[in-house]
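Working notes, structure below.
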2 protein chains.
Amino acid sequence: MAKVDTSLVAHLPLFAGVKPDDLDEILREARSARYPKSTAIFEQGADAKSFFLLLHGHVRAAKTTPTGEQIVVRYVAPGETFGLAMAIGTAQYPATAMAVDDSVVLIWPTSAWPRLIERFPSLAANTMQTVGKRLQESHTRILEMSTQQVEQRVAHALLRLANQSGKKLEKGIEIDFPISRQDIAQMTGTTLHTVSRILSGWESQGLVESGRQRIILREPHRIVVLAERNPDSGAA
Amino acid sequence: MAKVDTSLVAHLPLFAGVKPDDLDEILREARSARYPKSTAIFEQGADAKSFFLLLHGHVRAAKTTPTGEQIVVRYVAPGETFGLAMAIGTAQYPATAMAVDDSVVLIWPTSAWPRLIERFPSLAANTMQTVGKRLQESHTRILEMSTQQVEQRVAHALLRLANQSGKKLEKGIEIDFPISRQDIAQMTGTTLHTVSRILSGWESQGLVESGRQRIILREPHRIVVLAERNPDSGAA
DNA sequence: CGGACAGTTTGCGATAGCGCAAAACGGGTC
DNA sequence: GACCCGTTTTGCGCTATCGCAAACTGTCCG
């Protein structure tokens, strides 16, 4: 098993307050693995044998209903953890994780968690913060779904993606991994058709430039305006 | 300050794995307070000076948008904690808490938290579980809002309330605190008008009996069916 | 180079649920 | 016992969004 360079991960929030030597010890318990694009990392409902830290690539966490509909819970960016089922006291993964790009992850066995947090309390504290932040994001999402219309929700979703995984280029900000209209629909609680119509509209106004699983925000500022505008105060 | 009887709270999940003597020490750091019906316990955005454990009554946690719309994040039942901002690393409360019934709470100063979890690690672990559970509930709610129609969401919301705070009586299960159509609307992402229409419909079918801020589920089982039915497989 | 296919666009009805408005209904108060 | 106020009910028109269907397009593959 290849040794993981501590300098690559030392700055991550997860390891804030952990001493270099300790970090070394923590990393020794992990192995790394590569998941090619479009492969599943774990499935919803499967026993949570491991938890993960994403090093490279992008991972989509999605939840499926009994009737087969899906929603995207979140996109994981490099440096973030996922599959933390055990930390929150669940024996099975509550969602499915899939690499949307060729991805490299660190993997710890779930069984190592209790020992790790006992030896390194900041790990527990940092994880708590992470989970807390996700909880607040969920509440924000619920708030948006309750009070905003689809166009605003899509605007917010794209801005968040751009913020989290945007690649700056001359033309604007490009979302740095393949994402389809369907994916955006599943993030915002709508249908791919509606998303397509909205993006078409924006494209003709020069707000975005988009193609097959590719979106560039050309005028982020104007999209912010869209996201925040009160529906009934709009143009004629 | 009146001393809190440890036997009243020892069985709570929050204190699982805490020794009686330790529990005593933990409780010594808390004070208790009474909030009459309809009084605010803390406001969204205010500095998180304290965290709370509900002993009696019911508390509604709600989030308000910049434009004044509200959603109900959750109803707190006796034995549950709320206002855990500091645990999740936030200096301000992300929501407003209001007593919906005369309520009694235990209050710890936020500043006590770091010391408490250091001395009693199970507190931290238990809190992590709680937060994790809430995160999953949020995801479930998002899933429902994305894939189900209003009637099903209302059914789910009422079943959850009945489960959490239902009082069994001969006629059925009564939700044990005052709750308006508006409240239910804010839990399900719809309007009070739509909730009213739905409940009227159910009432005429004998599924519920309801009045001013009062709801009794007369036929929980049939409501479960409603909650789960696939929209397009319904009656003619 | 010619499919074949997944993803995207677009048109066109259908409709669930909203928004407004007005009326009816408790339930507590003086 | 009359009154007042917050809650609930209900009617009615409107529209944002869905759902289906069909055409289109960029990409990968042989």
*asked:* If the cut-off is 4.0 Å, is A:Gln149 near the phosphate of D:dT17, judged by side-chain N/O to OP1 or OP2?
replied: yes
*Ignoring hydrogens and angles, are the base of D:dT8 and the side chain of B:His193 linked by a donor-acceptor pair under 3.5 Å?*
no
*Selection from D:dT25, D:dT8, D:dT9 that lies nearest to any side-chain heavy atom of B:Gln213*: D:dT8
*Nearest-angstrom distance from the residue atom CD of B:Gln186 to P of D:dT7*: 11 Å
*Counting side-chain heavy atoms from C-beta on, which of D:dC20, D:dT9, D:dT8 comes nearest to B:Ser180?*
D:dT8
_With a 4.0 Å limit, can you tell me whether B:Arg181 has a side-chain N or O closer than that to the phosphate oxygens OP1/OP2 of D:dT8?_
yes
*Please report, rounded to the nearest Å, how far the P atom of D:dT9 is from the CD atom of B:Glu209.*
13 Å
_Parallel, tilted or perpendicular, judged at 30° and 60°: which one describes the rings of A:His58 and A:Phe177?_
tilted
*So A:Ile184 and A:Val154, side-chain contact (heavy atoms from CB on, under 4.5 Å) or not? Walk me through it.*
CA-CA 7 Å; A:Ile184 295 169; A:Val154 171; 4.2 Å; yes
*For A:Leu199 and C:dT10, give me the distance from atom CG to atom P, rounded to whole Å.*
11 Å
*Please report, rounded to the nearest Å, how far the C1' atom of C:dT10 is from the CD1 atom of A:Ile198.*
14 Å
*Among the candidates D:dT8, C:dT8, C:dA6, find the nucleotide nearest to the side-chain atoms of B:Leu192.*
D:dT8
*B:Arg214 CZ to C:dG27 P: how many Å, rounded?*
8 Å
*N or O in side chain of B:Thr191 less than 4.0 angstrom from C:dC18 OP1/OP2*: yes
*Between C:dT10 (P) and A:Trp202 (CH2): distance, integer Å*: 16 Å
*Could you go step by step and tell me if A:Arg181 and A:Ser210 meet the side-chain contact (heavy atoms from CB on, under 4.5 Å) rule?*
CA-CA 10 Å; A:Arg181 321 281 140 151; A:Ser210 75; 3.2 Å; yes
*Which whole-number value in Å describes the distance from B:Arg212 CZ to C:dA24 C1'?*
12 Å
*asked:* Using whole Å, what does the distance between atom P of nucleotide C:dG7 and atom CD1 of A:Ile179 come to?
replied: 13 Å
*Donor-acceptor pair under 3.5 Å: do we get one between B:Arg197's side chain and the base of C:dG19?*
yes
*asked:* Once you measure the plane-to-plane angle for A:Phe52 and A:Tyr93, does it fall in the parallel (<30°), tilted (30-60°) or perpendicular (>60°) bin?
replied: tilted
*So, the side chain of B:Arg134 versus the backbone of A:Leu135: is there a donor-acceptor pair under 3.5 Å, distance only?*
no
*Answer yes or no: does a side-chain N or O of A:Thr194 lie under 4.0 Å from OP1 or OP2 of D:dC18?*
yes
*Examine D:dT10: is either OP1 or OP2 under 4.0 Å from a nitrogen or oxygen in the side chain of B:Ser196? Give yes or no.*
no
